[in-house]
Structure formats: C-alpha cells, structure tokens
There are 2 protein chains.
Amino acid sequence: MTSAHALPRRERTLTIGQVAERTGLSPDTLRYYEKAGLIQRIGRTGGNQRRYAAADLVWLEFLLRLRETGMPIADMQRYAGLRAAGDATVADRLALLRAHRAVLADRMRALERNAQALDEKISHYAQLLARQQETDPS
Amino acid sequence: MTSAHALPRRERTLTIGQVAERTGLSPDTLRYYEKAGLIQRIGRTGGNQRRYAAADLVWLEFLLRLRETGMPIADMQRYAGLRAAGDATVADRLALLRAHRAVLADRMRALERNAQALDEKISHYAQLLARQQETDPS
DNA sequence: CCTTGACCTGGAGTCGGCTCCAGGTTGCAG
DNA sequence: CTGCAACCTGGAGCCGACTCCAGGTCAAGG
C-alpha cells in the first residue's frame with residue numbers, strides 16, 4: 001500500500017502561483033487555508049516549495065463552492081477535520097452537508113423574497129422618475 | 001410647510017430599546033447605523049434620548065432587507081446619502097438599486113448551481129453510507 | 001555558475017461590521 | 001421626590017477573513 005500523503009513522483013503538479021491563477025485565490029490565501037487546516041499539508045519539493053496535485057485542486061474547488069455558499073471557515077475546518085479522520089466519519093460529514101444545505105435553502109428563499117421587494121421598489125422609482133421627466137423635461 | 005426633521009409632537013414613537021426588540025438589531029447597532037449615516041438623525045426628547053417614528057422604522061426595514069441581500073454598508077451609505085439629498089437623486093437611486101438587483105440575480109444563480117452540486121455530493125455520501133452499513137452493521 | 005523571479009516562514013496589519021465599556025444623564029413607577 | 005432601569009457619548013476591542021511584509025531560500029533559463 002502506498003502512503004496517501006507522499007508527493008507522487010510522476011504526477012504533474014502545480015506551483016502555488018499556478019494554483020492561485022487557476023482558482024482566483026491569492027498565494028497568501030492558499031497558505032492561510034493550509035495553515036488553518038482547510039487543506040491538508042500540500043506536498044513539497046526538496047526545497048520546501050509546495051507542489052499541488054490534481055486531488056488537491058479537486059478539494060480546493062469543493063471548498064470554494066462551500067465558501068461561495070457562505071459557509072464560514074470554522075465549519076469548513078470541521079468538515080476538513082472529519083474528512084482527514086477517514087471513512088468512519090462519513091455519517092457526520094453527511095449530517096454537516098445536510099445542515100448546510102438546509103441553511104442554503106433558507107437563504108435562497110430569503111433572497112427571493114427580498115429580490116421581489118426590491119423589484120417593487122424599483123418599479124415604483126421608475127414610475128416616479130417617468131413622471132418627473134414628464135413635468136420637467138430639462 | 002412643516003419641517004421634515006422635527007420630532008412630531010403627537011406621534012407615537014418608540015425608544016431605542018423597543019426598536020431593538022422589534023428589529024432584532026441591538027441598541028448599539030442602531031446607534032452605529034445612525035453615526036454611520038445609514039439612518040438620518042433620529043428625533044430626540046428634551047433629555048436627548050432617541051424616539052423613533054413610524055417612518056424611521058419603515059426605512060430601517062428597507063435597510064435590513066438590503067443587508068439581508070448582502071449589500072455592504074458603504075453602498076447603503078451612498079443610497080442613504082442620495083435619499084437625504086432629495087428628489088433630484090431619484091435616477092441615481094434607481095440605478096443603484098438596479099445594479100444591486102443584478103448582483104443579486106448573479107448570486108442567486110451561483111447559489112443554485114452550488115446547491116445542486118451539494119445535493120450531488122450529499123446523495124453520493126448517502127449511498128456510500130448505505131453501503132458501509134450494509135457490510136458493517138455494527 | 002549566476003541571476004532573478006517565485007517561493008518560504010512568522011508575525012503584524014487591515015477592513016467590515018459590529019460589540020463592549022466607563023462614566024455620566026434621563027424618565028417613569030411608586 | 002427618589003430610585004433605578006434605560007438611555008447617552010466617545011472610544012476601545014473583537015472577530016472573521018484575509019493581506020502584507022521582512023528577511024531569507026529555491027529553481028530554471030542563459
């Protein structure tokens with residue numbers, strides 16, 4: 001059995017700069033995420049420079065999706081911790097994702113409501129403006 | 001013509017504590033919003049205590065809706081400034097709201113996409129879990 | 001080889017959005 | 001009147017999520 005954490009010898013890897021470019025995160029943020037435990041320790045060259053493997057990118061993209069849905073870093077840390085702990089935590093991870101999914105559903109409903117209210121306000125203003133321009137076509 | 005800013009003598013008004021209770025904001029936050037210019041200066045008693053009028057609450061609720069849709073305070077400041085500047089700014093306000101509405105639409109689409117991805121992940125995990133429990137019904 | 005841009009670490013700084021506090025004042029129930 | 005909870009102000013502090021920096025090391029093209 002091969003170690004899950006070794007730097008794969010013959011896999012194409014990316015430098016932190018290349019990953020930054022691909023993901024839109026800054027190198028600083030990538031290091032910060034790693035320090036914070038959102039990302040497992042990335043493989044290194046002999047000279048201690050990070051080399052990101054394909055699997056790292058997959059995980060990163062998942063994280064970014066969670067972030068885009070407003071999940072706080074603390075929750076991502078919990079999730080990453082469970083993930084690192086192995087298969088025994090699948091049930092917990094599932095629960096976490098489901099809870100987040102529910103939060104998401106609430107937020108989407110709220111957004112919809114507010115968007116509608118906003119639309120009303122907008123059409124109200126549009127009418128107001130139309131009347132203004134009618135009486136005062138400066 | 002009556003001043004738009006005088007404390008109406010015979011209108012039912014609310015103390016900051018009552019407004020806090022009704023809106024879910026803390027008194028500190030209400031004062032902060034006022035200091036920041038999101039809210040016009042609230043009418044005061046002789047002893048300098050705030051008394052919120054109905055119109056203040058209406059505006060507050062509008063602000064809260066903007067906040068719920070993720071509008072940053074800086075933008076709300078701009079909007080509040082325009083509003084305070086009178087009717088001549090209706091076009092600008094309209095533009096601001098429309099821009100925000102567009103942002104909102106984008107965010108809703110992104111959320112939808114991510115929710116879908118999340119659902120896939122969830123069902124993947126659910127299946128994994130089911131198989132686990134089948135082979136290891138501890 | 002050597003240069004030079006990309007990379008490393010630890011730690012300080014920034015920004016948005018509140019939240020808390022000290023030290024004093026107000027206003028209503030009794 | 002008086003007591004006491006609720007209010008006032010200015011300013012410091014906090015939290016999350018980065019962002020920047022100094023001072024040093026690495027790696028790949030020429």
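Just so it is clear, the values below take in all heavy atoms, side chains as well, and ignore hydrogens, waters and symmetry mates. First the proteins, then the strands, lettered A, B, ... as listed; each starts at 1.
Judged by closest nucleotide on DNA chain D, A/M71 is the one of A/Q49 and A/M71 placed further toward the 5' end. Summary of the strand contacts: B/G46 and A/P27 both lie near DNA chain C, and taking for each the nucleotide with the nearest heavy atom, the more 5' one is attributed to A/P27.
Linking ILVMFWY residues whenever their side-chain heavy atoms come closer than 4.5 Å, directly or via other members, places B/L64 and A/M108 in the same cluster.
Nucleic acid contact class of B/R50 (heavy atoms, under 4.0 Å, all strands): sugar-phosphate only. Note on A/P72: only backbone sugar-phosphate atoms sit closer than 4.0 angstrom, heavy atoms only; bases stay farther off.
With D/dT9, D/dA28, D/dG10 as the choices, the nucleotide that has an atom nearest any side-chain atom of A/R51 turns out to be D/dA28. Out of D/dC8, C/dG17, D/dA27, the shortest distance to the side chain of B/N48 is found at D/dC8. Taking only side-chain atoms of B/T15, from C-beta outward, the nucleotide of D/dC7, C/dC8, D/dG11 with the closest atom is D/dC7.
With rounding to the nearest 0.5 Å, the separation of CZ in B/R78 from CG in B/L38 is 13.5 Å.
Between the C1' atom of D/dT9 and the CD1 atom of B/I16 lies a distance of 12 Å, rounded to the nearest Å. Residue B/R78 contributes atom CZ, which lies 15 Å from atom P of C/dG16 at whole-angstrom precision. Look at CD on A/E21: it is 11 Å from P on C/dA6, rounded to the nearest Å. Rounding to whole angstrom units, CZ of residue A/R31 and P of D/dT25 are separated by 16 Å. Distance OH (A/Y52) to P (C/dC7): 10 Å, rounded to an integer number of Å. Taking atom CG on B/D28 and atom P on D/dG10, their separation rounds to 14 Å, with Å as the unit. Here the P atom of nucleotide C/dG17 and the CZ atom of B/R67 are 10 Å apart, to the nearest Å. Protein atom OH of A/Y32 is 16 Å distant from nucleotide atom P of C/dT9, rounded to whole Å.
Checked by atom type and distance alone, the side chain of A/E34 pairs as donor or acceptor with a backbone atom of A/I42 at under 3.5 Å.
Each of A/I16, A/V19, A/L14, A/T15 was checked for a side chain to side chain contact (heavy atoms under 4.5 Å, CB included) with A/R50, and the lone residue meeting it is A/I16.
Below 30°, between 30° and 60°, or above 60°: for A/W59 and A/Y79 the angle between ring planes is below 30°, a parallel geometry.
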